Amino acid sequence: MKEGLTVKRVVVVVWAVILGVVAGFIGAKLDQSGVNIALSAIVFAIFGLLLNFVPEIMKGTYSNDSDSKSETK
């Protein structure tokens, strides 16, 4: 794995945790309940990790149109 790609993945997880804590705080205030920062951080860290694998999953879901055009000629 390339070093730049690893740094990008870490940044995605960090931002997911930050935004998750903010969303948890806003949601708790709207619901008038206590803020559970640890739960928000854990849930959104897992979400950030899953988000890192979306590009690899999407690579196999579509075919390259230029390859199919060159095969028909």
Side-chain angles (χ1 to χ4, degrees):
M1 183 178 297
K2 297 180 183 177
E3 183 178 331
L5 188 59
T6 304
V7 173
K8 286 181 183 180
R9 290 180 180 211
V10 170
V11 169
V12 167
V13 172
V14 169
W15 275 107
V17 169
I18 291 170
L19 294 175
V21 170
V22 171
F25 178 77
I26 292 171
K29 293 301 175 185
L30 288 174
D31 194 29
Q32 297 178 351
S33 62
V35 180
N36 192 346
I37 294 175
L39 181 63
S40 295
I42 291 170
V43 168
F44 280 92
I46 293 170
F47 175 74
L49 287 172
L50 292 174
L51 191 62
N52 280 321
F53 295 108
V54 170
E56 282 82 16
I57 295 169
M58 294 300 291
K59 282 181 186 177
T61 59
Y62 64 92
S63 63
N64 194 352
D65 289 336
S66 62
D67 289 342
S68 62
K69 289 180 184 176
S70 63
E71 291 175 2
T72 57
K73 290 182 180 180

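We use all heavy atoms of the structure for the numbers below, so side chains are in, but hydrogens, waters and symmetry mates are not. Quick caveat, the model's predicted, so the values are computed rather than measured.
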A.B. asks: With a 4.5 Å cut-off on side-chain heavy-atom distances among I, L, V, M, F, W and Y, is there a chain of contacts connecting Val21 to Val35?
C.D. replies: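 The answer is yes; both residues are in one hydrophobic cluster.
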A.B. asks: Which pair of heavy atoms, one from Ala16 and one from Gly48, lies closest together, and at what distance?
C.D. replies: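 Between these two residues, the closest heavy atoms are CB-CA, 3.8 Å.
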A.B. asks: Nearest heavy-atom pair of Ser40 and Gly24: which atoms, and what distance?
C.D. replies: OG-CA, 3.7 Å
A.B. asks: Does one hydrophobic cluster hold both Leu30 and Val22, with members joined at side-chain heavy-atom distances below 4.5 Å?
C.D. replies: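 The answer is yes; both residues are in one hydrophobic cluster.
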A.B. asks: Name the residue from Val12, Val17, Val11 that meets the side chain to side chain contact (heavy atoms under 4.5 Å, CB included) definition with Trp15.
C.D. replies: Val11
A.B. asks: Using the rule given for side-chain contact (heavy atoms from CB on, under 4.5 Å), can you reason through Val13 versus Val10, listing the C-alpha separation, both sets of side-chain angles and the distance that settles it, and then say yes or no?
C.D. replies: CA-CA 5 Å; Val13 172; Val10 170; 5.8 Å; no
A.B. asks: So if you build clusters from Ile, Leu, Val, Met, Phe, Trp, Tyr with side-chain heavy-atom gaps below 4.5 Å, do Met58 and Phe47 land together?
C.D. replies: yes
A.B. asks: Starting from Phe25, can I reach Ile37 by hopping between I/L/V/M/F/W/Y residues whose side chains sit under 4.5 Å apart?
C.D. replies: yes
A.B. asks: Any chain of hydrophobic side-chain contacts (each under 4.5 Å) joining Val7 to Val14?
C.D. replies: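 Result: yes, single cluster for both.
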